[in-house]
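The block underneath contains the structure these notes are about, expressed in structure tokens.
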Amino acid sequence: MTYQLPSQQEFSARVLDWYDANARALPWRSLPGQRPDPYHVWLSEIMLQQTTVVTVGPYFDKFLTLWPTVQHMAAAPLDDILTVWAGLGYYARARNLHKCAIDICDKFAGTFPNNREDLLTLPGIGPYTAAAISSIAFDRAEVVVDGNIERIIARLFRIDTALPAAKKPITEYAAHLTPCGRPGDYAQALMDIGATICTPRNPKCAQCPVSVTCTAFAEGDMERYPVKAPKKAKPTRRGVIFWIEAEGGVVLLRRREEKGLLGGMMEFPSSPWQEAAIAPDAALEQLRESAGLNINGPMIHKTLVRHTFTHFHLELQPVVLVMAQKANLSLPGSSWVRPEEFENYALPTLMKKVVTSVQSPQTDFL
DNA sequence: AAGTCGGGGCA
DNA sequence: TGCCCAGACTT
């Protein structure tokens, strides 16, 4: 069976008509046809990378309140950005956000570049985000392809090539369909349709404005698309993490390496995270040597903390050590903090789980 | 092309 | 549980 490509005019008209009647009111979105603030578009697009609209909402509002312009953000310390970003994940985004704000102030005189090529030179802005900002904020007819639009296109044309190899043909189909008029609204409309109608499972084709031109709908095998490469199994890593408390109720925090997993974020001292489990006694001895810490006191085991990262599971055994002495050891990048002050530190969700475990009355054994 | 990089919501 | 999400960056 052969299918005919829908005309760009017919397709985009269906999409834009749907948008005029169904556009969601989102904090970073202007009225249909209106150009929003590029700073708002940029900030929202970075936050929305691999992150849902519902999750981003409160973070977007808080960032705009604290840093209303790109100049404000560029002037802020990176640690402040990380503290407010804490919990949103993919912390390289926060580091690149800060770098990007500085670059815009230094290299573009504080004005957002208004085209895809210049946007691509900025840290944290890749092919998708450059096209999205360019079309949404500057009304340029760029080809915007995110995960939602990938799924829509793959279903419209029943693309059997598996992702990520399918990215190229998908982009070609998308380019054919992208209109010159209202490109920003068109892109946002397709993303809305992907998020609410053309969902990964149980797509609501009865509500879809373009189901009439969808070959997967015609064949009834929508959920087969997009085809994806099989994923690797996640190994489990384990470790012991220490809540070291000194006189006055202060607890030891240290900063992680600038790059890599949870880069630049704060943590409680812990053993390395490896597949082979390590005993708390051995972990403490390692910490004494590596950190030069003279730690002593009885160890109290708290409830195991489980956490899943993108490519491994983690099991951390929290151990509480209350020392009957003053917090007189000072390591570079570490600080003694009272738990009431934790909100002012860049603690990722994993570390907040450790706080919850330690502060719950339950213990494994004494 | 494959691996790294969070966290939450969903069936 | 596994899958997905307005992906970018490194190797």
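Residue numbering restarts at 1 for every chain, and letters A, B, ... go by the order of the sequence lines.
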Is it true that A:Glu275 and A:Arg237 have a side-chain N and a carboxylate O under 4.0 angstrom from each other? no
Can you tell whether the side chains of A:Glu223 and A:Arg201 come within less than 4.0 Å, N to carboxylate O? no
Reckon A:Trp28 touches a base, only the sugar-phosphate, or nothing at all at heavy-atom distances under 4.0 Å? base
Between protein and nucleotides 3-11 of chain B, map the contacts as a letter string: B base, S sugar-phosphate only, - none, heavy atoms under 4.0 Å, written 5' to 3'. SSBBBS---
Please work out if A:Pro123 contacts a base, only the sugar-phosphate, or nothing of the nucleic acid, heavy-atom cut-off 4.0 Å. sugar-phosphate
Identify whether any heavy atom of A:Ser44 sits under 4.0 Å from a base atom; if not, whether one sits that close to sugar-phosphate; answer base, sugar-phosphate or nothing. nothing
Is it the case that the side chains of A:Tyr128 and A:Gln49 hold a donor-acceptor pair, with the cut-off being a distance below 3.5 Å and no angle test? no
Taking atom C1' in both C:dA6 and B:dA11, what distance in whole Å separates the two? 23 Å
Taking the six-membered ring where the residue is Trp, are the ring centres of A:Phe309 and A:Phe312 under 6.0 Å apart? yes
With a non-hydrogen cut-off below 4.0 angstrom, is A:Arg29 in contact with a base, only sugar-phosphate, or nothing? base
C:dT11 versus B:dG6 - spacing of their P atoms, nearest Å: 16 Å
Mind checking if A:Leu26 touches a base, just sugar-phosphate, or nothing, with heavy atoms under 4.0 Å? base
Starting from the C-alpha separation in whole Å, work towards a yes-or-no answer on side-chain contact (heavy atoms from CB on, under 4.5 Å) for A:Asp103 and A:Phe108. CA-CA 7 Å; A:Asp103 279 3; A:Phe108 294 93; 5.6 Å; no
Take atom P in B:dG9 and the same atom in C:dA8, then report the distance between them in whole Å. 24 Å
Is the shortest distance from a Lys or Arg side-chain nitrogen in A:Glu142 or A:Arg140 to a carboxylate oxygen in the other one below 4.0 Å? no
